[in-house]
Amino acid sequence: MDKVYAPREIEARLYQRWEASGSFAPSGHGPPYSIVIPPPNVTGTLHMGHAFQHTLMDALTRLHRMDGDNTLWQPGTDHAGIATQMVVERQLAAEGRSRHDLGRDAFVAHVWKWKEESGGTISRQMRRLGASVDWSRDRFTMDEGMSAAVTEVFVQLHAEGLIYRGQRLVNWDPVLHTALSDLEVIAEPEPGHLWHLRYPLADGPGHVVVATTRPETMLGDTAVAVNPADERYQSLVGRQLRLPVTGRLIPVIADDYVDAAFGSGALKVTPGHDFNDYEVGRRHNLPTLNIFDRDARIVADVAADLAAIPAELRGLDRFTARKRVVALFEAQGLLDKVEPHSSPVPRGDRSEAVLEPWLTDQWYVRIAPLAEPAIRAVEDGRTRFVPESWAKTYFQWMHNIQDWCISRQLWWGHRIPAWYDDDGNIFVAANAEAARKQAHRHHGRDVPLRQDEDVLDTWFSSALWPFSTLGWPAQTPELKTFYPTAVLVTGFDIIFFWVARMIMMGLKFAGDVPFREVYITALIRDEHGDKMSKSKGNIIDPIDLIDGIALEPLIAKRTSGLMQPHLRNSIEKSTRKQFPNGIPAFGTDALRFTLAALASGGRDIRFDLGRVEGYRNFCNKIWNAARYVLMMTEGKDCGASGECEFSAADWWIRGRLQQAITTARESLASYRFDLAAAALYEFTWYEFCDWYLEFTKPVLQSPDATAAAQRGTRRTLVEVLEALLRLMHPLMPFITEEIWLQIAPLAGKAGATIMKQPFPRAADFSFDAARARDIELIKELILKLRNIRGENDIPASRRLEQVFFRNASAEQLATIQAHARYFDRLASARLQPFDASCDVDTAASALVGTLELYVPLRGLKDDLAAESARVAKLQERARKELEAVEGRLANPEFVRNAPPAVTAKARERARELERELTQLASQLQRLEKLR
RNA sequence: GGGCGAAUAGCUCAGCGGUUCAGAGCGCCUGCCUUACACGCAGGAUGUCGGGGGUUCGAAUCCCUCUUCGCCCACCA
């Protein structure tokens with residue numbers, strides 16, 4: 001083995017072996033355990049969020065697989081309708097072409113081709129992370145099977161009246177030319193203006209002032225509304241106004257929706273281009289005028305009822321039109337005033353284009369009937385959110401859920417299984433043939449049909465993912481075995497988009513909740529707490545943490561393909577500052593362990609490179625511990641033959657391992673990966689390496705140790721390490737496998753891979769608490785000695801030949817004498833019973849219980865100032881604590897009310913501290929006397 | 001407007017059904033290349049646990065309130 005752990009070659013070799021041997025496929029005979037992956041965009045690349053979630057899913061999968069469960073981690077990718085189409089269209093645009101140049105069929109074929117070429121990136125990256133997904137079951141949302149499930153669900157929901165086609169306002173993206181669902185709208189306040197416009201009365205002098213952020217929409221106004229209780233306007237309700245610019249007549253109406261305190265208290269009503277106005281219009285039977293075309297330009301060809309739009313405005317973009325309309329008002333003296341005003345502007349989450357409420361025909365899911373059982377499923381715990389507080393978020397949205405617009409005017413996606421005849425009749429069917437039959441029945445003859453041009457929202461197919469990937473609508477064995485899945489691991493950003501919809505669809509079509517638990521992970525942010533994004537230039541590619549990357553390539557990566565090229569310089573600067581030497585290679589296990597260690601219950605994780613480095617060091621620590629164990633045991637008798645004699649240290653480390661196993665198991669069961677990681681780290685480093693390995697040295701390297709004792713220690717060494725590797729394997733698959741393959745035979749274990757070995761159970765280890773107890777005393781004595789040594793600057797090379805102790809119990813005496821070699825080796829000290837040769841006056845001393853320890857300093861350290869300072873510090877500390885404890889004991893309420901165990905403990909502690917203080921005081925006195 | 005989080009050592013975070021709970025990593029200080037590991041070893045320093053109030057024998061931990069920061073939903077044109 002090399003002195004330093006070199007992950008790169010090991011990782012590649014092991015993953016290939018695992019995959020080739022089919023180790024990822026379900027095979028356990030225990031209860032089924034399944035996780036479906038949140039399908040990443042097929043065209044995308046892995047980001048830190050994926051690495052994070054995949055690490056956790058893989059840890060769970062490996063844990064359950066080791067436990068013997070019939071374990072499936074279902075992989076797959078999502079066609080990501082809008083995102084993918086945009087990427088491909090951008091590529092075409094770079095060649096000076098548009099999708100319309102190609103035509104629908106050729107374009108879709110083009111996207112498929114590109115998917116085949118680039119779709120492998122994600123799976124390659126997942127392999128680098130060690131993801132043990134069953135690749136043989138890889139799925140894509142537009143596969144035949146998935147598409148069949150989509151059609152089946154659509155047809156059935158339609159048959160039940162839960163999918164309908166309707167004309168209403170939608171969020172229209174005038175750049176992408178598609179409708180969007182409410183969830184895809186991001187509304188952030190943006191600075192703008194509030195224009196106060198005068199609308200003259202039609203039948204006399206005077207006017208009403210309306211305030212608006214969107215003056216251009218006045219071309220579609222069909223009323224002005226005031227609050228019915230607003231006395232200022234009561235006399236005007238029912239009268240007509242002459243809408244400027246157009247000359248149309250519109251009524252003044254009264255509606256509670258209007259806030260009398262806002263603006264002028266009079267609201268221009270544009271039912272065709274505002275969601276609230278649309279509702280007002282419906283209540284008052286107002287006409288709805290559509291003044292924009294699909295590009296959100298003022299309609300160029302003029303419908304009869306819009307004839308009043310002046311020619312000069314036709315065809316203008318809405319923002320140009322805005323300026324023109326304002327100018328027209330101003331020219332006519334109808335512009336009352338303009339105020340700066342900030343208001344939310346709705347933008348598409350993908351295109352970032354300003355959306356336009358637009359009247360169109362779209363397909364909707366009537367969602368309330370589906371939501372109701374999904375609410376109950378979470379209420380009664382059939383699906384449990386972890387952390388639980390996310391259930392509130394879920395409920396809040398579900399209780400206010402709106403019908404879901406599922407049609408998109410895109411080409412990439414599942415085409416809607418609906419056909420139209422020339423009369424506008426709709427035939428929804430699984431395929432064209434079935435639709436034709438329906439039409440034939442309806443008409444009594446064959447009629448020409450054309451299929452709906454639209455495709456479905458990407459999330460429609462995602463909603464079916466937990467059962468469609470398992471073969472639904474066919475009742476496959478996989479579906480029976482693995483549905484419902486055990487847990488969904490995902491981020492809170494898609495609770496509405498995805499989690500809620502899966503629960504609704506799962507209950508509706510698969511007859512049960514899709515997962516028993518939803519573990520909501522935190523969001524990975526950069527070191528400043530900012531979201532990682534391409535445009536901020538703060539993205540860290542998980543693969544770069546694994547392999548490392550030099551500064552220049554990193555800068556190139558972060559600054560290439562920027563949507564806003566002007567950010568280039570600042571990104572380069574901050575990158576140079578943060579990573580002056582690029583990023584070193586840390587290896588997969590270090591990254592995975594870091595991600596697990598960061599997975600506490602919070603919502604945000606600030607990614608800290610220092611942590612990765614620390615855990616890279618941890619990998620190296622494990623590696624070297626294994627090297628040591630191998631050196632000590634390879635080719636030697638590890639207890640296979642002959643009696644084993646186990647030392648106190650051997651028993652002690654078993655006990656500590658048991659504790660680590662228990663903590664790790666409990667932590668993983670409750671998704672506290674951070675606590676599991678901490679338990680493993682602490683056991684490995686602070687107990688196994690710092691203490692136990694050191695305890696083995698005097699036994700294994702000393703000629704006077706018996707063969708039985710050496711066998712016992714070797715056996716413990718290999719057994720504990722072997723179990724520890726299994727314990728760590730779910731989080732650190734590579735290093736554990738690499739070492740395990742070498743250690744397992746020594747521990748008497750056979751197997752081709754650690755992956756299929758049982759995850760340790762505390763009960764696997766017999767443990768003798770009484771035998772282990774000696775170690776606590778030994779550790780404490782060694783720590784005191786080291787403290788004295790350190791504070792007095794006595795170099796480690798200087799042996800403490802004479803350390804005296806007195807007031808030891810018989811048991812303590814026996815322990816110390818039996819373990820002389822531990823003190824020799826770990827503290828470089830020799831302990832002996834107190835006698836007259838010990839010069840107490842010039843000795844450093846310490847107290848362990850009643851046992852007094854003396855380290856004569858004469859000849860080692862003649863200046864006693866350091867020792868004085870050390871003792872004074874201890875005294876101060878003890879005095880403070882005693883004060884606190886006595887204060888508590890002096891309180892009669894405490895003595896009366898606190899549980900007896902607590903008061904007894906406090907009294908005991910007080911006695912201890914008093915003893916300590918007495919000793920420290922006399923010590924200090926002696927030291928001071930000599931100075 | 002409604003809902004949800006967070007505030008603990010210089011930094012990133014544990015601890016939050018109450019009495020050795022004031023912790024970890026990184027950073028910092030002092031010694032050490034002690035044949036598993038300098039990606040290391042040994043020793044050490046560091047915080048009125050955001051402010052205020054309350055409950056209690058006892059609160060970082062429970063309750064109220066304030067301040068600051070963040071997120072989600074709704075959106076008064």
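Proteins come first, then strands; the chains are lettered A, B, ... in the order of their sequence lines, and each starts at number 1.
Within the structure, a side-chain polar atom (N or O) of A:His341 is placed less than 4.0 Å from OP1 or OP2 of B:A77. Contact annotation: A:Ser600 side-chain N/O to B:A14 OP1/OP2 distance is under 4.0 Å.
A:Glu914 has no carboxylate O lying under 4.0 Å from a charged side-chain N of A:Arg911, or vice versa, which leaves the two without a salt bridge. For the pair A:Arg318 and A:Glu356, the salt-bridge criterion is met [side-chain N within less than 4.0 Å of a carboxylate O].
Nucleotide B:C49 has no partner under the Watson-Crick or G-U criteria, as no pair reaches both atom distances under 3.5 Å. Pairing for B:C69 is with B:G5, a Watson-Crick or G-U wobble pair whose two hydrogen-bonding atom distances lie under 3.5 Å.
Within the cation-pi definition used here (under 6.0 Å to the ring centroid, within 45° of the axis), A:Lys697 qualifies as a partner of A:Tyr628.
Residue contacts for A:Arg603: at a heavy-atom cut-off of 4.0 Å it reaches a base atom on one of the strands shown. When heavy atoms are screened at a 4.0 angstrom cut-off, A:Glu694 is found touching base atoms of the nucleic acid.
Shown for residues 900-911 of chain A: residues whose heavy atoms fall under 4.0 angstrom of RNA chain B, namely A:Val902, A:Arg909.
A straight line from CD of A:Gln396 to C1' of B:G5 spans 14 Å, rounded to a whole angstrom. Summarising the geometry, the separation between CG on A:Asn891 and P on B:C57 is reported as 9 Å, rounded to the nearest angstrom.
Side-chain atoms of A:Arg627 stay outside donor-acceptor range of the base of B:C37, with no qualifying N/O pair under 3.5 Å.
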